[in-house]
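When a residue number appears, it is its place in the shown sequence, counting from 1.
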Amino acid sequence: MADKEIKARYQELSETIKYHMDRYYNQDAPEISDFEYDKLMQELKELEKENPELVTKDSPSQIIGGTAKREAGVKVTHNVPMLSIEDVFDTEDVKAWVNKVHDKHPDACFSVEQKIDGLSMTLRYERNPEKSGYMRLTLAETRGDGRIGEDVTVNALVIPDVKREIKYDAEYLELRGEVYMSHEDFDRFNAKQEEMGKKLAANPRNLAAGTLRQLDSAITKERGLRMFIFNVQEGPEEMTESHCKGLDILESLGIPVVRHRFCRNSEEILEAINEIGEERGDLTFDLDGAVIKVDHTAWRDDFPAGSKYSSGHIAYKYPPEERVVVMDEILVDVGRTGKLTFTGSFHDKETGKPARLCGTFVSRATLHNQDYIRDMKVGIGGEYKLFKSGEIIPKLNGCVTEPEVVYEAPSVCPVCGHQLVREEDTADIRCINPTCPAQVSRTIAYFASRDAMNIMGLGDTLIDALAKDGYLKSYADIYELNKYRDEMIEKGIIGKEKNTDKLLGEIEKSKENDPVMLLTGLAIRNVGKATAREIMKHVSDLTELFSITVDGFLSMPDIGDTTANDLYEFFHSEENRELILRMKALGVNMTVKEDEGASDKLSGMTIVVTGTLPTLGRKEAEELITKNGGKAAGSVSKKTSMVLAGEAAGSKLTKANELGIRVINEAEFLEMIE
């Protein structure tokens, strides 16, 4: 191909790809498939490889949108600190603040606007030298600690409200806004999670934060995020002199801005606050209050609120909404550890439908335990005040009309009929039958998980299917699945021969695991991996735990009264002993192997591993810590002895420095255990 033809083809490809980038990232209306797009990009990159002189800063392969991945952990120092806003909870406090402003600036006016419950993001725009009269997005950054945030530009560009370019002529423009998730997108995400048997998101704000920081922008785009601009951080005078005027100019440019109202005095401000409060239930997103700002930005610094807060702002927080509900039913469930949970099902007394609070419909609330139920006088037909704690979690807030009968928990397990036990000095009621059907799937899933027996391929969905068909009723049944190989292949429960044999191979392999993993997998209350490891230091075979007394367990380091009693109760249950002996007969290792190279060089030390180490994996480093007598912890606290840190250590390193905890590198660590 001649040079002229190459240049022409390259130009054609560049324009075509940029067009489809715009359709995909900005307009949310792609015209070609991902495969077709990738083919175009592949051809372009081949031409660039052979003709590097063609590549410019504006080439599709060089600009954001040419890749669907963002780089994790790229830090950005903010041009303007992204500070918080001081909260007030009383209208009198609002009046007092306005009076303080008017004492210094009698002509001061204000903006009152919605405080959206999301996360802050700043957008930086610079003049586009290749397109007269336009500015282009060069950076999007999260709030971080207020001074330093993270570069999330690639993900920001798949948010429909974020403009890749704006028709405005200025050298530099910096906008701050709130990224949020609508109720519709939040419900859609949770419905999909529920369908797949995965964990549900707690609230739209948390899900929005996690979505914005995804490494794959396709995930960000699919989940759906929105954004409102609420401040001009830097820009020309016409944008920054008056806050409301700046927002109005942005709105005229097609940029979504927060709903705001220009106010002159306390009366107008309180009226605007009430308007925002009344519309909360009809909005498609969550509100976190109302923000009051001094409109003339030059005067804001005259009203500082400390280094943590923005000057010239306050945020009014609304009291929680309340509805009166009528209790219809008390639902009882049995958790993985046998603990009973109670949920109240109710309807709104006024409407007869689920209660509407903070923009969502609520028909259930946790009732915690029997003591809570008695104190709150919960029973069928009773009437109760309902509110959302933190505008997220629905909670009862007192009894309005008592029921005829206050609910009492059953004396036997509602699933298996086994006698229930109330734990001493607690409000917890438990089913202690390890073969209770309600617990089987969850306990076996934990037993097979990475933190326990680590049986690859034996996940929640497959366990549910095997339990439903009667193959799994206890942990021991896992090690007899090989008897039903042909039957399971015929039914297609696991898959065809290859997948079935692969899983059976993983199960066979797990028989050789260290008994610490087995003890962890038994899901004894208050016994996690660290405690299991400590216990197994005192026996040579797991079955020796059958004969240890409460005092014997108490003599072990880090074992308190509650854990000692839990251990004694578990290993002195005939059902549990039979289960363990059955697994032993099936070839599951119970014997502690001599650990070559073990030492007590790190005895008494609690060490946290964080970041990427030069040669050791995190799990490998943690195993070396425990092998040498130390304790590997997952979080930094005052009890932490030291932090073993690698590259991109993050918040754990920051906390260690704040607490004055010693930080070591891999070389220093290896020297300690040599």
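Side-chain atoms of L123 and L139, non-hydrogen and from C-beta on, never get closer than 4.5 Å to each other. A 4.5 Å side-chain heavy-atom check between N657 and I661 finds every atom pair outside the cut-off. Looking only at side-chain heavy atoms (C-beta outward), E126 and E171 stay at 4.5 Å or farther from each other. Side-chain contact between H313 and F303 is absent, with no heavy atoms from C-beta onward closer than 4.5 Å. Looking at L458 and E506, their side chains never come closer than 4.5 Å, going by heavy atoms from C-beta outward. No side-chain heavy atom of E43 sits less than 4.5 Å from a side-chain heavy atom of E48. The side-chain heavy atoms of E113 and R261, taken from C-beta on, include no pair separated by under 4.5 Å. Side-chain contact between Q114 and D288 is absent, with no heavy-atom pair separated by less than 4.5 Å.
In this structure, the ring-ring contact (aromatic ring centres under 6.0 Å, His included) partners of H296, at least two apart in sequence or on a different chain, are W299. Remark: E620 engages no residue in a salt bridge (Lys or Arg N to Asp or Glu O under 4.0 Å) (not counting sequence neighbours). By the ring-ring contact (aromatic ring centres under 6.0 Å, His included) test, Y10 is found to be paired with no residue, residues two or more places apart in sequence or in another chain being considered. For F186, there are no ring-ring contact (aromatic ring centres under 6.0 Å, His included) partners two or more places apart in sequence or in a different chain. Applying the salt bridge (Lys or Arg N to Asp or Glu O under 4.0 Å) test to D87 and every residue at least two apart in sequence or in another chain returns K317. Remark: E46 pairs with no residue by the salt bridge (Lys or Arg N to Asp or Glu O under 4.0 Å) rule, at least two apart or across chains. Taking the side chain to side chain contact (heavy atoms under 4.5 Å, CB included) definition, one finds that E623 meets it with K619, sequence neighbours left out. Legend: residues meeting side-chain hydrogen bond (donor to acceptor under 3.5 Å, both in side chains) with N190, ordered by chain and number and at least two apart, are absent. The salt bridge (Lys or Arg N to Asp or Glu O under 4.0 Å) search around E12 returns R9, not counting sequence neighbours.
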D451/S449 under side-chain hydrogen bond (donor to acceptor under 3.5 Å, both in side chains): CA gap, chis, key distance, verdict: CA-CA 6 Å; D451 286 337; S449 70; 5.5 Å; no
Check step by step if salt bridge (charged side-chain N to carboxylate O under 4.0 Å, His left out) holds for D185 and R188. CA-CA 5 Å; D185 284 325; R188 177 171 58 83; 3.0 Å; yes
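Within the 3.5 Å criterion, the main-chain N or O of G118 finds a donor-acceptor partner in the side chain of R205. A donor-acceptor pair is defined here as one N or O able to donate and one able to accept, closer than 3.5 Å; such a pair exists between the side chain of T297 and the backbone of T240. Here the side chain of D151 pairs a donor or acceptor atom with the backbone of T153 at under 3.5 angstrom. Formation of a donor-acceptor pair under 3.5 Å by the T610 side chain with backbone atoms of A649 is found in this model.
Residue pairs meeting the ring-ring contact (aromatic ring centres under 6.0 Å, His included) criterion with at least one partner in residues 207-233, sequence neighbours excluded, are Y180-F228, F228-F285. Pairs engaging residues 117-147 under the ring-ring contact (aromatic ring centres under 6.0 Å, His included) rule: none recorded [sequence neighbours left out].
Counting heavy atoms of neighbouring residues, nucleotides and ligands inside a 6.0 Å radius, atom CD of E238 exceeds 12 of them. More than 12 heavy-atom neighbours from other residues, nucleotides or ligands sit within 6.0 angstrom of CD on E53.
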Validation: residues 491-500 side-chain donor-acceptor distances under 3.5 Å, sequence neighbours left out:
unit_1, atom_1, unit_2, atom_2, d
K491, NZ, Y471, OH, 3.2
T500, OG1, G495, O, 3.4
T500, OG1, K496, O, 3.0

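Salt bridge present: R124 and E141 bring a charged side-chain N and a carboxylate O closer than 4.0 Å. A salt bridge links D169 with R127: the closest approach of a Lys/Arg side-chain nitrogen to an acidic carboxylate oxygen falls below 4.0 angstrom. For the pair E178 and R143, the salt-bridge criterion is not met [side-chain N within less than 4.0 Å of a carboxylate O].
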